[in-house]
Amino acid sequence: MYQTKIRIIYPLQQGRIVLRSEQDWDADIEANLVSDNGEIHEFNISYNLPCLQFKPCIRDGVQLHWSVGTNKLLIFKTDGQPQDFYPHFFSDQQGEITGIFEVPSPILNRNQRLRLYLPPGYFENQLKRSPVLYMHDGTNLFFPQESFLGQEWEIDETNDLLSQMNLIDQTIIVGVYAADRFLDYTQPGYENYGRSLVEELKPWIDSNLRTLSGPRHTFVMGSSLGGVVSFYLAWQWPQVFGGAGCLSSTFSFRDNLIERVRGEEIDTRKQLKIYLDSGWPGDNYEATLHMAHALLQRGFTPGKEMQHLAFPLAQHTEAAWAARVHIPIQLFSGKLHR
């Protein structure tokens with residue numbers, strides 16, 4: 001028999017939280033403990049299988065409000081820690097893409113332009129704080145009318161699906177628009193661009209959104225030159241970013257990152273999660289392989305601190321990156337990897 005505790009965290013106004021589960025979808029499971037303010041309902045759960053499908057519900061007299069979206073999936077763990085769930089009941093199953101924000105950057109002498117993806121239920125369940133993924137080339141992420149050749153990453157649809165699959169912690173995505181890619185994403189320009197993200201943009205995000213602000217919950221990702229600057233940010237500020245997703249990256253084109261990996265101390269960087277990939281042939285396959293070997297030589301463990309993948313015949317396009325971006329997202333925010 002498997003046993004665990006779960007906590008349903010929700011700003012309940014009336015009624016109480018109950019569970020319905022695959023053990024009996026018609027029977028309420030009552031909480032064993034409720035916080036004084038009614039925002040936390042704790043349940044002791046037992047089951048004869050290692051996974052259990054369930055739904056948080058609001059029981060208000062005879063009315064039963066089921067939470068929005070697919071069934072939650074409880075995976076019984078052995079660490080003894082309660083598992084937290086943040087449902088929503090009265091808003092959409094999809095996340096929301098905001099309009100364009102402009103954040104002043106004295107370091108760059110311009111505004112940083114960006115859009116945000118806010119996960120499902122963000123405005124309803126305001127007790128939830130989320131990991132943050134910073135992504136470069138923001139025009140290519142959300143809308144075909146903005147993106148290069150009309151191809152977008154479909155990053156919002158991918159995150160919605162991964163959330164429905166119960167695979168990831170719901171993540172805020174910051175899509176930073178490019179001004180001058182060759183200046184900001186390569187050496188030496190990425191030094192000021194990085195300072196702007198760390199000293200100006202991230203504090204603005206953490207002040208205006210409900211984020212989990214530590215490096216364990218803060219990641220950066222991009223493709224091509226955007227993959228290079230992503231690696232630079234994580235390597236330069238491991239106390240800020242917990243990892244980098246580097247897709248089809250042009251390592252050694254206008255950077256010295258492989259040399260830095262081979263020569264600099266790694267004690268403060270071994271907690272990083274580095275994702276490297278490319279297509280083949282071309283698509284910066286050899287450059288990515290050189291970076292992977294440099295990390296291996298410094299003791300980064302495949303499947304733990306780093307992941308390197310190659311995709312036969314995959315091209316250097318937004319569509320190719322959109323097809324595999326779910327992999328680094330699961331590495332960074334996946335519930336089984338945390």
Side-chain angles (χ1 to χ4, degrees), residues 133-141 144 147-155 157-159 161-162 167-168 173 175 178 181-182 184-187 190 219-235 241 243-262 266 269 272-334 337:
L133 173 61
Y134 292 84
M135 296 189 67
H136 310 292
D137 291 310
T139 53
N140 295 330
L141 301 180
S147 61
F148 182 68
L149 298 179
Q151 296 180 337
E152 50 145 326
W153 282 50
E154 300 178 349
I155 196 69
E157 292 92 340
T158 296
N159 271 267
L161 284 172
L162 293 175
L167 284 175
I168 63 169
I173 296 177
R181 299 180 76 251
F182 282 94
D184 291 339
Y185 295 175
T186 62
Q187 191 183 33
Y190 58 31
F219 302 94
V220 61
M221 182 159 61
S223 61
S224 194
L225 294 176
V228 170
V229 71
S230 296
F231 191 100
Y232 168 76
L233 287 164
W235 193 261
F241 300 102
C246 312
L247 289 73
S248 307
S249 304
T250 58
F251 293 120
S252 299
F253 170 58
R254 290 184 181 178
D255 67 87
N256 64 346
L257 294 174
I258 292 178
E259 290 78 6
R260 290 189 61 181
V261 169
R262 288 172 175 162
I266 62 169
R269 298 175 169 114
L272 291 173
K273 294 181 179 179
I274 303 295
Y275 173 83
L276 307 170
D277 79 13
S278 71
W280 182 92
D283 194 39
N284 298 312
Y285 171 78
E286 289 79 7
T288 301
L289 198 59
H290 289 320
M291 176 59 83
H293 278 296
L295 290 168
L296 287 172
Q297 289 169 358
R298 297 307 307 278
F300 281 72
T301 305
K304 186 178 180 183
E305 294 98 4
M306 65 162 289
Q307 181 73 60
H308 171 246
L309 297 174
F311 296 87
L313 306 182
Q315 299 181 339
H316 198 80
T317 65
E318 315 300 329
W321 299 320
R324 62 185 192 253
V325 70
H326 65 94
I327 302 172
I329 291 174
Q330 291 180 68
L331 176 66
F332 297 150
S333 297
H337 294 279

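All of these numbers come straight from a predicted model, not from anything done at the bench.
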Please report whether the ring centroid of Y185 lies less than 6.0 Å from that of H136. yes

Nearest non-hydrogen partners of D137 and S223, listed with the distance: OD2-O, 4.2 Å

Would you say R298 and V261 make side-chain contact, with heavy atoms under 4.5 Å? yes

For the backbone of W235 and the side chain of R269, can you confirm whether one donor and one acceptor N or O come within less than 3.5 Å of each other? yes

E157 atom CD, neighbour heavy-atom count above 12 within 6.0 Å: yes

Check for a donor-acceptor pair, side chain of S230 on one end and backbone N or O of G222 on the other, with a separation under 3.5 Å. yes

Distance col, row L309:CG vs R324:CZ, nearest 0.5 angstrom, shows 9.0 Å

How many angstroms lie between atom CD1 of I329 and atom CZ of F219, to the nearest 0.5 angstrom? 11.5 Å

Taking every non-hydrogen atom, the tightest pair across Y285 and G279: CB-O, 3.4 Å

Note: D255 and I258 closest approach over all heavy atoms is OD1-N, 4.5 Å

How long is the straight-line distance from CG of L149 back to OG1 of T317, given to the nearest 0.5 Å? 9.5 Å

Correct closest heavy-atom pair for L272 and F241 would be CD2-O, 3.2 Å

Say you draw a straight line from NE2 of H316 to OG1 of T250; how long is it, rounded to the nearest 0.5 Å? 7.5 Å

Do F231 and L295 come close enough that some side-chain heavy atom pair is under 4.5 Å? yes

Under 3.5 Å, is there a donor-acceptor pair between the side chain of T301 and the main chain of E305? no

Does the side chain of L331 come within less than 4.5 Å of I327's, by heavy atoms? no

Which word best sums up how the rings of Y190 and Y232 line up, parallel for under 30°, tilted for 30 to 60°, or perpendicular for over 60°? parallel

Given side chains that start at C-beta, do those of L247 and W153 come closer than 4.5 Å, heavy atoms only? yes

4.5 Å side-chain heavy-atom contact, N284 and S249: no

Counting only heavy atoms not in W280, do more than 12 fall under 6.0 Å of its CH2? no

Side-chain contact test, heavy atoms from C-beta onward, threshold under 4.5 Å: evaluate it for V325 versus M221 and give yes or no. yes

Greater than 12 external heavy atoms within 6.0 Å of H290's NE2: no

Below 4.5 Å, heavy atoms only, C-beta onward: do V228 and Q187 meet side chain to side chain? no

Spacing of OG belonging to S147 relative to CG belonging to L141, to within rounding of 0.5 Å: 9.0 Å

Closest non-hydrogen atom pair, P144 against E152: CD-OE2, 3.3 Å

Give a yes or no answer on whether the side chain of D184 reaches the backbone of R181 with a donor-acceptor pair at less than 3.5 Å. no

Student check: side-chain heavy atoms of L257 and S252 closer than 4.5 Å: no

Spacing of Q330 atom CD and T158 atom OG1 [to the nearest 0.5 Å]: 10.0 Å

Side chains of H308 and T288: is there a donor and an acceptor less than 3.5 Å apart? no

Can you name the one residue among S224, S248, S278 that meets side chain to side chain donor-acceptor pair (under 3.5 Å) with D283? S248

